[in-house]
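Just so you know, ligand 1 is whichever comes first in the structure, and atom 1 is the first atom listed for that ligand. Hydrogens, waters and symmetry mates are skipped; everything else that's a heavy atom, side chains included, is used.
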Amino acid sequence: MTPDLRGGGPVPVSDWDRAVGLISSADEIALACHISPDGDALGSMLALGLALRAAGKRVTASFGERRFRVPRLLRFLPGQELLAEPGDYPAVPELMITFDVPIVDRLGMLAGNALKARELIVVDHHPSNTGFGTLNLVDPAAAATAVLAEELLRRLGLPLDRAIATCLYAGLVTDTGSFRHSSTTSGVHLMAARLVATGLNPEEIARELWDRSPFGYLRVLGVVLDRVTLEPEVGEGLVWTFVTRADRVAYGLPYDEVEGIIDVIRRTDEADTAVILKEDDDGAWQVSTRSKGAVDVSRVATALGGGGHTKAAGFTSHLPVEQTMASLRALL
Ligand code: AMP
Ligand code: MN
Ligand code: MN
């Protein structure tokens with residue numbers, strides 16, 4: 001078997017060439033990633049931002065949240081100085097590039113800027129990507145947007161340094177679940193090898209992303225696990241729980257600290273599908289769904305107004321927990 005050396009399969013060479021042309025001829029480039037950024041979204045964006053700035057471009061990078069705040073666990077990523085609040089973002093960018101954004105809504109407050117941009121390059125790996133760019137570098141076979149970001153840097157002739165590689169590595173390990181998910185190909189490991197060769201510290205990155213939290217996290221985890229429910233008769237088995245704003249406030253825990261709890265819930269042998277409903281600071285429920293493969297959770301999440309991948313998807317709900325769960329059970 002020939003190993004797939006790169007993830008950029010289905011993106012036609014002519015599209016890569018157009019992207020290189022647009023980026024090379026631009027002086028000012030506006031970058032954006034999806035709201036509630038994860039390691040792949042923010043890491044891919046900052047990697048491009050650092051490389052483009054080193055190449056002499058003026059770079060603005062942002063994500064469209066009113067309460068603009070980088071999640072605590074991503075603050076170690078190099079390139080934070082490139083970030084601007086969405087209010088300071090170019091209203092009509094000459095060239096805008098989005099990272100890990102499948103639909104224009106996931107740009108939040110920056111959706112309007114994207115629709116007005118003269119050229120919009122969409123770099124993404126979601127199968128559900130709607131192709132909202134003037135140029136779409138979308139490869140659903142890529143394990144992470146970071147895979148496509150690395151390919152773009154290579155085609156631009158921009159070298160990796162340790163800081164850029166740290167950002168890309170954060171994207172790669174986030175979306176492959178530390179090389180555990182089915183997306184972990186030989187190509188993924190070869191990319192990891194290129195990144196590690198720059199001298200980055202995998203131990204430090206893993207600790208920042210997954211192995212530290214404020215003490216209050218343990219208390220909230222206790223509360224959330226105490227109310228976890230197993231419903232073996234629903235679909236291929238469902239395990240679910242929820243975390244309220246009040247749970248977090250009681251222990252001084254910001255919203256992004258509870259993002260990882262789904263990884264505890266989904267280990268349940270008796271359930272194919274795991275769900276956690278997380279109440280954010282605006283009182284909306286951000287719902288994360290995971291499957292071991294029997295159920296396509298992207299179908300379920302899409303039906304409820306969200307999206308994602310077969311085994312990891314999500315949606316936002318403004319209904320009470322029991323009502324959201326009733327809709328979910330009906331779809332499972
Ligand atoms: P999460 O559960 O937040 O880690 O998200 C898992 C996957 O679902 C990611 O690929 C997201 O892009 C997607 N996703 C999560 N929330 C939403 C949403 N509200 N709308 C669309 N897609 C979402
Ligand atoms: Mn993402
Ligand atoms: Mn991604």
Side-chain angles (χ1 to χ4, degrees), residues 7 32-48 63-65 71 73-74 77 98-108 111 122-130 132 137-150 167-177 181-184 188 191 209-210 240-243 255-266 273-280 282 284-291 295-319 324 328:
C33 68
H34 65 69
I35 51 175
S36 305
D38 50 35
D40 190 33
L42 194 67
S44 300
M45 176 173 78
L46 292 178
L48 251 290
F63 48 92
E65 283 177 23
L73 74 171
L74 296 178
L77 287 179
T98 68
F99 296 89
D100 210 38
V101 180
I103 47 171
V104 80
D105 308 30
R106 293 279 288 159
L107 283 165
V122 168
V123 184
D124 188 30
H125 68 128
H126 288 91
S128 55
N129 191 286
T130 58
F132 58 92
L137 306 176
V138 177
D139 180 3
T145 294
V147 173
L148 299 165
E150 193 218 9
C167 292
L168 292 174
Y169 189 84
L172 197 63
V173 294
T174 296
D175 275 26
T176 60
H181 298 164
S182 53
S183 55
T184 308
V188 162
M191 174 171 165
L209 288 174
W210 297 297
W240 70 279
T241 190
F242 61 96
V243 50
Y255 174 79
D256 47 79
E257 297 286 347
V258 301
E259 295 271 29
I261 298 180
I262 186 67
D263 289 323
V264 182
I265 310 302
R266 71 182 172 87
T273 309
V275 174
I276 184 167
L277 302 88
K278 300 162 288 183
E279 190 183 9
D280 67 19
D282 297 321
W285 292 91
Q286 304 300 334
V287 185
S288 289
T289 62
R290 299 290 185 270
S291 151
V295 169
D296 175 359
V297 284
S298 86
R299 176 186 61 79
V300 176
T302 304
L304 295 169
H309 311 270
T310 314
K311 295 179 181 174
F315 62 96
T316 303
S317 172
H318 299 279
L319 300 173
T324 305
L328 245 164

So is T316 polar-close to ligand 1, meaning N/O to N/O under 3.5 Å?
yes
For S44 and T145, test the side chains for any donor-to-acceptor distance below 3.5 angstrom and give the result as yes or no.
no
Do the non-hydrogen side-chain atoms of H126 and P140 ever get within less than 4.5 Å of each other?
no
So do the side chains of D40 and F99 get within less than 4.5 Å of each other, counting heavy atoms only?
no
G308 neighbourhood, listing ligand 1 atoms whose heavy-atom distance to it stays under 4.0 Å
8 (O), 13 (C)
Less than 3.5 Å between some nitrogen or oxygen of K278 and one of ligand 1, yes or no?
no
Hey, are H125 and N129 close enough side-chain-wise for a donor-acceptor pair under 3.5 Å?
no
Taking only heavy atoms of H309, which atoms of ligand 1 are found under 4.0 Å from at least one of them?
10 (O)
Please list the nearest protein heavy atom to atom 15 (C) of ligand 1 with its residue and the distance rounded to 0.1 Å.
G314 CA, 3.5 Å
With a heavy-atom distance limit of 4.0 Å, tell me whether H34 approaches ligand 1 through its side chain, its backbone, both, or neither.
neither
Given side chains that start at C-beta, do those of F242 and K278 come closer than 4.5 Å, heavy atoms only?
no
Closest to atom 20 (N) of ligand 1 among protein heavy atoms sits G306 CA, 3.5 Å
Heavy-atom side-chain proximity of V101 to V122 below 4.5 angstrom
no
So, H34 and the Mn ion (ligand 2): N/O/S under 2.8 Å, yes or no?
yes
What residue and atom, counting heavy atoms only, is the protein's closest point to atom 12 (O) of ligand 1, and at what distance?
H126 NE2, 3.1 Å
Within 4.0 Å of some non-hydrogen atom of S288, the atoms of ligand 1 are 1 (P), 2 (O), 3 (O)
Contact check: D100 to the Mn ion (ligand 2), N/O/S below 2.8 Å:
yes
Can you tell me if, anywhere in D175, an N/O/S atom lies at a distance from the Mn ion (ligand 2) that is smaller than 2.8 Å?
no
Below the 3.5 angstrom mark, is there an N/O of T289, backbone or side chain, next to an N/O of ligand 1?
no
Considering distance alone, does some N or O of Q286 sit under 3.5 Å from an N or O of ligand 1?
no
